[in-house]
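Have a look at the structure below before the remarks.
Order of the sequence lines fixes the chain letters, A, B, ..., with proteins taken first and strands second; residue numbering starts at 1 for each chain.
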Number of protein chains: 2
Amino acid sequence: MGRTKAKPGVKPGPKVGKDRRQEILAAAAQVITDRGLSETRIQDIAETCGVSTGLILYYFESKDRLLVEALTYANDQFYLRLSRELRKNPSARAQLDRLIELSVPGLLPEFQFLDEWALWVEIWVRALRDPEMAKEHEVLNRRWRRSIADIVRHGRSTGEFPEGLDADELGIQIGAVVDGLAIQVLMDHGDVTPDDMLRVSRDVSAKLIGFALEPAGA
Amino acid sequence: MGRTKAKPGVKPGPKVGKDRRQEILAAAAQVITDRGLSETRIQDIAETCGVSTGLILYYFESKDRLLVEALTYANDQFYLRLSRELRKNPSARAQLDRLIELSVPGLLPEFQFLDEWALWVEIWVRALRDPEMAKEHEVLNRRWRRSIADIVRHGRSTGEFPEGLDADELGIQIGAVVDGLAIQVLMDHGDVTPDDMLRVSRDVSAKLIGFALEPAGA
DNA sequence: CCTAATCCTGAACGGTGAGTCAACGCCCTC
DNA sequence: GAGGGCGTTGACTCACCGTTCAGGATTAGG
């Protein structure tokens, strides 16, 4: 099986120690994505990473705690990925485009196995009643909107974007549009396709920030 | 009690005991709002409308079906209310304002006991996995966006709004903003207050539709 | 080797909650 | 006032699942 040979080497190889916790968190995120939070059983998680149910509760004090940690873990992964991608692009326009691309459910093939947005919705539901989750959500949420606001600020410093509304305000506005559209795409009736979301997000962002989009198609 | 004439020899049909069914649906919606969908037990619903647990499953073939019906029932209530309110206002501008007001979580005192948006989030989560709910969601969702698009069309016919983007497209855009903001307000960190949502929704709608807002405050 | 700590297992426990059912009473009809 | 059916009850069943636990396996250190 995936038995990891733990070398007695003092310092971490690729995988030691806390490794199991992370495996479990990843497995949990996977199961939550597949089955939904409310249908996720400890045994599913155990099977997904090939261990016994007992072990899950050896590393986590309760199922509830594990689930909250798994949700934030998955979101952290997305955020790290997003940050890395943004750093590659010096242009604020390109950054905004990339942020939007990464936010369209199921658009990027690497992400297909794990729909970030399906987990967001679970986070919302849980945060409504679970103070622990609410606290985490507040952090994740602010981080998300700040990513947008920072792009706006950056674009203004380079002169790509005009001055205008408070950047944080724009973070809220654009964030809201992206959230709202992502839900529609996620639901996957034909009404709003991934391409629609791309187009509309760019369009509305341009309108709100106040720069001109070069005509893409006709 | 309103006694409904029951035809003998028919299966548990939609006609039988319609009042009770509705009572149960209302109670279920209440419990879901209070405790959350995943924490809702049949017994809670039974207690809320003062009957036995057995009776709940006398009227509904399963808990799952009841929950789906309850969610759509609650949304229907909101939609009916919305339609009624809109019909009172001849002006499209006033209609849009009213729609936004009704969409702000917890703003209207009459609605405090039942946060429409908390139920929407539950609908989203469930619709992701339950085809039954997905089908219902599609209907509710279209109806919601069409309400917005119709206001836009109306405003154009009266000359209040300029011509521009396709009205359905605007329904999607404005709908997305309102959805996204409503989530933020619902989560109730201080970042987006009900007043913020009102202001931003109006502001963004005006920008997207293309009419000028008279300065409200200072 | 011996020992202790850590990792891991699978069975057993206990609570819980959906769904069932036999019985009861009330109203309607005849 | 007899009979039948609908609405209603609440106790019971039964499966499920989180959590615990006693102990087996593996590793680290001496």
Side-chain angles (χ1 to χ4, degrees), chain A residues 1-13 15-25 27-28 31-32 34-71 126 130 132-133, chain B residues 1-28 31-32 34-70 126 130 132:
Chain A
M1 303 292 175
R3 163 118 287 102
T4 310
K5 195 65 172 208
K7 260 306 180 183
V10 255
K11 264 305 157 184
K15 308 166 146 197
V16 208
K18 288 281 184 240
D19 179 48
R20 252 302 139 75
R21 264 184 80 87
Q22 199 158 323
E23 273 178 40
I24 294 173
L25 286 173
V31 174
I32 296 171
D34 291 345
R35 306 230 211 297
L37 190 58
S38 64
E39 299 302 310
T40 292
R41 297 167 304 138
I42 286 188
Q43 182 153 7
D44 298 326
I45 301 170
E47 280 167 14
T48 298
C49 61
V51 298
S52 69
T53 66
L55 194 65
I56 305 294
L57 290 172
Y58 174 77
Y59 282 98
F60 295 88
E61 67 177 273
S62 74
K63 183 196 181 190
D64 276 353
R65 266 242 208 284
L66 163 57
L67 293 179
V68 172
E69 270 193 62
L71 288 169
R126 191 168 188 106
D130 176 359
E132 200 95 20
M133 186 80 255
Chain B
M1 310 272 170
R3 164 125 279 103
T4 309
K5 189 74 172 203
K7 280 285 171 190
V10 261
K11 298 190 170 189
K15 298 252 185 178
V16 200
K18 201 166 180 183
D19 288 346
R20 252 303 137 77
R21 268 184 77 87
Q22 200 159 323
E23 274 177 39
I24 294 173
L25 287 173
V31 174
I32 296 171
D34 291 346
R35 306 231 212 296
L37 190 56
S38 64
E39 300 301 310
T40 293
R41 297 168 304 140
I42 288 187
Q43 183 154 4
D44 297 326
I45 301 169
E47 279 167 14
T48 299
C49 62
V51 298
S52 68
T53 66
L55 196 65
I56 306 293
L57 290 170
Y58 175 78
Y59 282 98
F60 295 87
E61 65 177 277
S62 73
K63 184 196 179 189
D64 276 353
R65 265 243 211 283
L66 164 58
L67 292 180
V68 172
E69 271 193 62
R126 190 164 190 109
D130 177 358
E132 201 94 21

Just how far, in rounded Å, is [atom2] of [N] from [atom1] of [X]?
X	N	atom1	atom2	answer
B/K63	C/dT16	NZ	P	15 Å
A/R21	C/dT6	CZ	C1'	16 Å
A/Y59	C/dT6	OH	P	11 Å
B/I56	C/dT20	CD1	C1'	15 Å
A/I24	C/dC8	CD1	C1'	11 Å
B/E47	C/dG17	CD	P	11 Å
B/Y58	C/dA18	OH	P	21 Å
B/E23	D/dG7	CD	C1'	13 Å

Under 4.0 angstrom between B/R20 side-chain N/O and D/dT8 OP1 or OP2: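 Indeed, a polar side-chain atom of B/R20 lies that close.
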
The criterion is side-chain hydrogen bond (donor to acceptor under 3.5 Å, both in side chains); which residues satisfy it with [X], sequence neighbours excluded?
X	answer
B/E47	B/Q43
B/E132	B/R65
A/R35	A/D44

Partner of A/M133 by side chain to side chain contact (heavy atoms under 4.5 Å, CB included), out of A/L67, A/D64, A/V68: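 Of the listed options, the one satisfying the test is A/V68.
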
Non-hydrogen atoms of B/F60 and B/R21 that approach each other most closely: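 Closest approach of B/F60 to B/R21, heavy atoms only: CE2-NH2, 3.6 Å.
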
Interface residues of residues 64-71 of chain A with DNA chain D (non-hydrogen, below 4.0 angstrom):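 DNA chain D contact set from residues 64-71 of chain A: none.
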
Qualifying side chain to side chain donor-acceptor pair (under 3.5 Å) pairs with a residue from residues 48-58 of chain A, counting only residues at least two apart or across chains: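 Residue pairs passing side chain to side chain donor-acceptor pair (under 3.5 Å), neighbours aside: none found.
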
Counterpart residues, side-chain contact (heavy atoms from CB on, under 4.5 Å), relative to B/I56 (two or more places apart):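 Testing B/I56 for side-chain contact (heavy atoms from CB on, under 4.5 Å), a comparison that skips the adjacent residues, returns B/I24, B/I42, B/I45, B/A46, B/V51, B/L66.
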
What's touching nucleotides 20-22 of chain D from the protein side, N or O pairs under 3.5 Å?
none

Residues from residues 35-45 of chain B lying under 4.0 Å of DNA chain C - heavy atoms: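 When residues 35-45 of chain B is checked for heavy atoms under 4.0 Å from DNA chain C, the hits, listed by number, are B/T40, B/R41, B/I42.
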
